[in-house]
2 protein chains.
Amino acid sequence: MTSTPLPDALRARGLRMTAPRQLVLEAVRRLGHATPEQLHDEVTRTAAGINLTTVYRTLELFEQMGLVTHTHLSHGAPTYHAADDQHVHLVCRGCGRVDEVGTELLAPLAATLADDRGFAVDVGHVALFGLCRDCAGEGSR
Amino acid sequence: MTSTPLPDALRARGLRMTAPRQLVLEAVRRLGHATPEQLHDEVTRTAAGINLTTVYRTLELFEQMGLVTHTHLSHGAPTYHAADDQHVHLVCRGCGRVDEVGTELLAPLAATLADDRGFAVDVGHVALFGLCRDCAGEGSR
DNA sequence: CTGCGTGCAAATTATTTGCATGCGC
DNA sequence: GCGCATGCAAATAATTTGCACGCAG
């Protein structure tokens, strides 16, 4: 199920398989999308010895390796998620709720941009801001 | 050209028209999109006495008033731009260049999301990440 | 005159970095 | 055993806040 075997991915680069790395990746996959701090919390729940610093370093490493990506959802909270879990984020500016939709919705737009401007949109990195059904309703109050 | 008269907008809320506010708004409009620090630089070029703090406070105020909005373009750099200058940002992850396209490209997508999920996308707040024509070319090197 | 808005400096939060030790290979 | 990765603590960057004065209304 876990599409990318971590040990292999690391070995392929002459890097090492360690507990913190394993745990951080699992946390990323489990939480779906989370800030470095939230990930640290989650990891700490299992292994108390993990340092926030290590989470940052590990995330940076994983990002270079293409295992995770990060996006800015709300106000300056960088959010990490597994690269093999591609989806578009719908961030509600009213209630802060983050919803997800498949990337296929962006396909037409991506095609247009590629054709028109030669710009290759990274569809796994998209966050759209707006108002969800509930908050849009309240807005008309 | 300046579609919203600042003094009026401020007075309408019982707020005051001051030099810093005038300057910050002008800077936002002139730069198109910029970080708080860049705006501070720009403002300082004209009036040396303006404090970074004031820029932050003024931007926050303007945002509440709906005069400017902010988006996160690259890695955690909040970028402000005038609300009446709506466009979609195309951020190249290769060279960092920020391009702009009209919001009309998002219309079909926005319609689909509204119809499908009841989510009202704020099209003036969208940033799409990816690779521009130049960087996509180098990628195949 | 009356308070809002500003400048200044300090506080707070988020993130990065250096160094010595431990562990994977 | 060798060197990468980690933990710890301190450094740095980014943003916010408190207070007293000056200026807009």
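What you are looking at is a predicted structure, and each value in this text was computed from that prediction instead of being measured.
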A.B. asks: Mind calculating the distance between CG (A:Leu39) and C1' (C:dT15) to the nearest angstrom?
C.D. replies: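 So the CG-C1' distance, A:Leu39 to C:dT15, works out to 15 Å.
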A.B. asks: Between the side chains of B:Thr69 and B:His81, is a donor N or O closer than 3.5 angstrom to an acceptor N or O?
C.D. replies: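 Yes, side-chain donor-acceptor contact under 3.5 Å.
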A.B. asks: DNA chain D: A:Thr53 or B:Arg57, which has the more 5' nearest nucleotide?
C.D. replies: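 This one resolves to A:Thr53.
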A.B. asks: Grab the CG-P distance between B:Asp8 and D:dA24 for me, whole Å please.
C.D. replies: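 Rounding to the nearest Å, CG of B:Asp8 and P of D:dA24 are 18 Å apart.
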A.B. asks: Rounded to whole Å, please give me the gap between CD1 in B:Ile50 and C1' in C:dT6.
C.D. replies: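 Between C1' of C:dT6 and CD1 of B:Ile50: 8 Å.
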A.B. asks: Rounded to whole Å, please give me the gap between CG in B:Leu59 and P in D:dA14.
C.D. replies: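 My rounded result for the distance is 16 Å.
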A.B. asks: Got B:Glu42 and B:Gln38 here, is their nearest side-chain heavy-atom distance under 4.5 Å?
C.D. replies: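 Result no, sub-4.5 Å side-chain heavy-atom pair not found.
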A.B. asks: Using whole Å, report how far NE2 of B:His40 lies from P of D:dA13.
C.D. replies: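 Checked: the NE2 to P distance equals 17 Å.
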A.B. asks: According to a strict under-4.0 Å criterion, is B:Asn51 in side-chain N/O contact with OP1 or OP2 of C:dT6?
C.D. replies: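 For B:Asn51, the contact criterion (side-chain N or O under 4.0 Å from OP1 or OP2 of C:dT6) is not met.
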A.B. asks: Within the supplied structure, the quantity of interest is the number of heavy atoms (other residues, nucleotides, ligands) at a distance under 6.0 Å from A:Glu100 CD; does it exceed 12?
C.D. replies: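 Correct, the count exceeds 12.
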A.B. asks: So what does B:Gly49 hit on the nucleic acid, given a heavy-atom distance under 4.0 Å: a base, only sugar-phosphate, or nothing?
C.D. replies: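 Sugar-phosphate contact only - B:Gly49 comes under 4.0 Å of backbone atoms but never of a base.
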A.B. asks: Among the nucleotides D:dA9, C:dT6, D:dA14, which one has an atom lying closest to any side-chain atom of B:Tyr56?
C.D. replies: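 So the side chain of B:Tyr56 is nearest to D:dA14.
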A.B. asks: Using the ring centroid of each side chain, check whether B:His70 and B:His33 are separated by less than 6.0 Å.
C.D. replies: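 So the answer is no for these two rings.
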A.B. asks: So which one's nearest nucleotide on DNA chain D is more toward 5', A:Thr54 or B:Glu37?
C.D. replies: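 The answer here is A:Thr54.
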A.B. asks: Taking OP1 and OP2 of C:dG5, is either one under 4.0 Å from a side-chain nitrogen or oxygen of B:Arg21?
C.D. replies: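 So the side-chain polar atoms of B:Arg21 do come within 4.0 Å of the phosphate oxygens OP1 or OP2 of C:dG5, strictly under.
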A.B. asks: Whole angstroms only, please: what is the CG-P distance between B:Leu52 and C:dC8?
C.D. replies: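 Result: 12 Å.
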A.B. asks: Checking side-chain contact (heavy atoms from CB on, under 4.5 Å) between A:Tyr56 and each of A:Leu59, A:Thr54, A:Leu52, which is the one that passes?
C.D. replies: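 Passing option: A:Leu52.
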A.B. asks: Kindly say whether A:Arg117 contributes a backbone atom to a donor-acceptor pair with the side chain of B:Arg133 at under 3.5 angstrom?
C.D. replies: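 Side chain of B:Arg133 to backbone of A:Arg117, a donor-acceptor pair under 3.5 Å: yes, one is there.
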A.B. asks: CG of A:Leu25 versus C1' of D:dA5: gap in Å, rounded?
C.D. replies: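 That distance rounds to 16 Å.
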A.B. asks: Using the 3.5 Å cut-off, write out each protein N or O paired with an N or O of nucleotides 22-25 of chain C and the distance between them.
C.D. replies:
| from | atom 1 | to | atom 2 | distance (Å) |
| --- | --- | --- | --- | --- |
| C:dG24 | N2 | A:Arg16 | NH2 | 2.9 |
| C:dC25 | OP1 | A:Met17 | N | 3.4 |

A.B. asks: Within the 4.5 Å heavy-atom criterion, are B:Phe129 and A:Val121 side-chain neighbours or not?
C.D. replies: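 Not touching, per the 4.5 Å side-chain cut-off.
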A.B. asks: How close or far is atom C1' of D:dA5 from atom CG of A:Leu61, stated in whole angstroms?
C.D. replies: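 In whole Å, D:dA5 C1' and A:Leu61 CG are 10 Å from each other.
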